[in-house]
Amino acid sequence: MNRSTDLARAMVPRGTVPFFPELAARKRTVEARLWDTFSRWGYREIIPPLFEYLDVLSQGLAPETVAAGYKLEDRQDGRLMVLRPDVTAQVARMAAARRDNPATPHRYAYQTGVFSHTDAHRGRPREVFQAGVELLGPGGYSADAEVLALLITALRDLGLDDFIVSTGQARYFKAILGDLGLSDGVGAELTRAMGRKDVPSIRAILAAAGVDAAKADRVARIPLLIGGREVLETARGLTKCADALAALDHLEKVAEALDSCGLGRHLSMDLGEVRDMDYYTGVVFDVLAPGMGIELGGGGRYDDLLGRFGHPMPAIGFALDVERVLEAIGRAGVPLAAEGPLFRVSGTLPDAHRAAAALRARGLNAVVALKNDTGGTALEAQGERLFRVSAQGRQPVDVETLVSEA
Amino acid sequence: MNTQTPITVALAKGKLLDDTLPLFVAAGLDPRGLDDPGRKLLFESPNGDRFLVVRAADVPVYVEHGGADMGVAGLDVLAEYPDELYQPVDMRVGYCRMSVAAQKGVGLDDRPGTRVRVATKYPRVAEAHFLSKGLAVDIIKLYGSMELAPLVGMADCIVDLVSTGRTLKENGLVEVETIWESTARLVVNRASMKLKHARLAPLLAALQRAADEQGSRS
């Protein structure tokens, strides 16, 4: 076979990755540990379908997400469907459609892939493995604090320590924007400039809109309201708008709640964070770790999303990108628990099978040796007896000894 | 992360680099060796800060992917970049304008064909500009010497960066419209902005001060 045929056969779509056992084991360990934390906090699994009707789900998606979705046609009725681009919108749709109305709060956890088209050669995956939660029902600061505390705890349970959750408050900028009384077009332009912390453009937009200089100066300081708790005080000084001040009080209560459970040191503020403003309605946050130029995950409060599916309900959630979390763990040098040892049992088939079953019954991993098998620690079964085979020869051993060594 | 955390800065060789260095020095950085980089690509200051010499169009790539915490790029580069980066400081150097130019005396309505064809190195800028005017155009991407395209009848006009306008003039083209004028921006990685905030906040303020002083002098 020539080389180009080899390459053609090996080709996978760009932006997908094959996980062989070594890497897959690391991924599963991380996912299992996240899942464990989510479960212990009372979050229960929700499984959304792999594809949805495009027109239905689009009601809860940003236009860019819709545009980047993989679409396929439903042969039954010709409607367009989209491959899961975002779990939160699906959970919102599912919760809004549910007719048996279970009592809130609903605590949901998920672990699944999301898909999107990406530009070629930008180093971005098209299948992203996510683990996340959604808390539906309560809208107060204690719900925000619960979700942030869970996020921080889940990362700490993975052995990560050096990370921050950079948190903003969508309501703060929205209130100030409303107060400025700009036209929709100019407001959208200002919000985009705010999103890229583009202070020069913010000044230019406000000047062109005839906003007075002192007020414009205060707005131009918002993008750099980044740092610790002191930022809240600075932010209060920039506005008299009651809604904006209430939004800051809310964020401060969230911060105090995290302090009281000893997790406050991971919390950092960025009040200029206005990403996805038509989606997020309150706290909005990103997880950042040194050496990672991109967030490990993020989330926020999206109180209007369920309403778009006909059943308004406050909600907040986050999603972690499992591959990025794995990379952060690798960079931080945190060891991940290895898989247990594997035993390879040879001997006559009945003897080997009996011995392997005994090992498995005691929680050990065992295979019956096939031709050319080389993995794991070699054992030999002979009747009821078991031997450990090494370069030094055969040593009798019993299952209990192997269990105590493992 | 404290105020001494080292940072990595991506810069492009050329006039923009020469104009930017004094501002960096004024803001307290130590980009020694960069005034005469030769073939060296990586420079390190005694305090651990690193300076990378990259192609202009690669500055946003390094910054977005975290290869650099920050960089300096012209709006021509940023406007073609598909994602929006943090760009908090106007460096007030590297002035340029993006313009539409056509052959002298030839209006777009005089074109022989049915569609407006635009030759440019900046397809995103050109497309957005004509779309905002309700004009659907065919974009022909070129990598240089765009002035030739109208002369040989390959395009009706060009969208290009203009600094003095001499090249246009020498090739019989005139600017018919300015799309925007700009100076270079400091771009900052999203994660660095927050993780290294204690170091970056005073640095950004010092850079803007230095740029404003320099800008008001020139």
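Just so you know, these numbers come straight off a predicted model, no measurement behind them. Side chains included, hydrogens not; waters and symmetry mates left out as well; all remaining heavy atoms used. Throughout, protein chains are lettered first and strands after them, A, B, ... in sequence-line order, and every chain is numbered starting at 1.
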Against chain B, label [X] side chain, backbone, both or neither, depending on which of its atoms sit under 4.5 Å from a heavy atom there.
X       : result
R203(A) : neither
M269(A) : neither
D198(A) : both
A220(A) : neither

May I ask you to name which of A201(B), P88(B), A68(B) has the most heavy-atom pairs under 4.5 Å with chain A?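 The candidate making the most pairs under 4.5 Å is P88(B).
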
Quick one: of P82(B), G66(B), A205(B), G67(B), who has the most non-hydrogen atom pairs under 4.5 Å with chain A?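 Ranked by heavy-atom pairs under 4.5 Å with chain A, first place is P82(B).
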
Does [Y] offer a backbone N or O that forms a donor-acceptor pair with the side chain of [X] under 3.5 Å?
X       : Y       : answer
T120(B) : Y122(B) : yes
K196(B) : P6(B)   : yes
K71(A)  : V66(A)  : yes
H65(B)  : G293(A) : no
E64(A)  : A62(A)  : no

With sequence neighbours excluded, tell me which residues meet side-chain hydrogen bond (donor to acceptor under 3.5 Å, both in side chains) with Q130(A).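 Counting only residues at least two positions away or on another chain, Q130(A) forms no side-chain hydrogen bond (donor to acceptor under 3.5 Å, both in side chains).
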
Test side-chain hydrogen bond (donor to acceptor under 3.5 Å, both in side chains) applied to R171(A) - qualifying residues, sequence neighbours left out: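 Listed in chain order: nothing, the list is empty.
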
What part of V188(B) is in contact with chain A, defined as an atom under 4.5 angstrom from a non-hydrogen atom: side chain, backbone, both or neither?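 No part of it gets close to chain A.
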
Check the pair E127(B), R124(B) against salt bridge (Lys or Arg N to Asp or Glu O under 4.0 Å), reporting the backbone distance first and the verdict last. CA-CA 5 Å; E127(B) 200 160 49; R124(B) 295 174 80 100; over 6 Å; no

Residues of residues 39-59 of chain B near chain A, each having a heavy atom less than 4.5 Å away: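 Under the 4.5 Å heavy-atom cut-off, nothing qualifies.
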
Which residues pass the side chain to side chain contact (heavy atoms under 4.5 Å, CB included) test with S192(B), not counting sequence neighbours?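 Testing S192(B) for side chain to side chain contact (heavy atoms under 4.5 Å, CB included), a comparison that skips the adjacent residues, returns D69(B), N189(B), L200(B).
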
For chain B, find which of D119(A), I202(A), D270(A), L224(A) contributes the most heavy-atom pairs closer than 4.5 angstrom.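 Answer, by heavy-atom pair count under 4.5 Å with chain B: D270(A).
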
What option among G291(A), A289(A), A193(A), S268(A) has the most heavy-atom pairs under 4.5 Å with chain B?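 It is A289(A).
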
Would you say the side chain of D161(A) lies within less than 4.5 Å of the side chain of R156(A), judging by non-hydrogen atoms?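 R156(A) reaches D161(A) side chain to side chain.
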
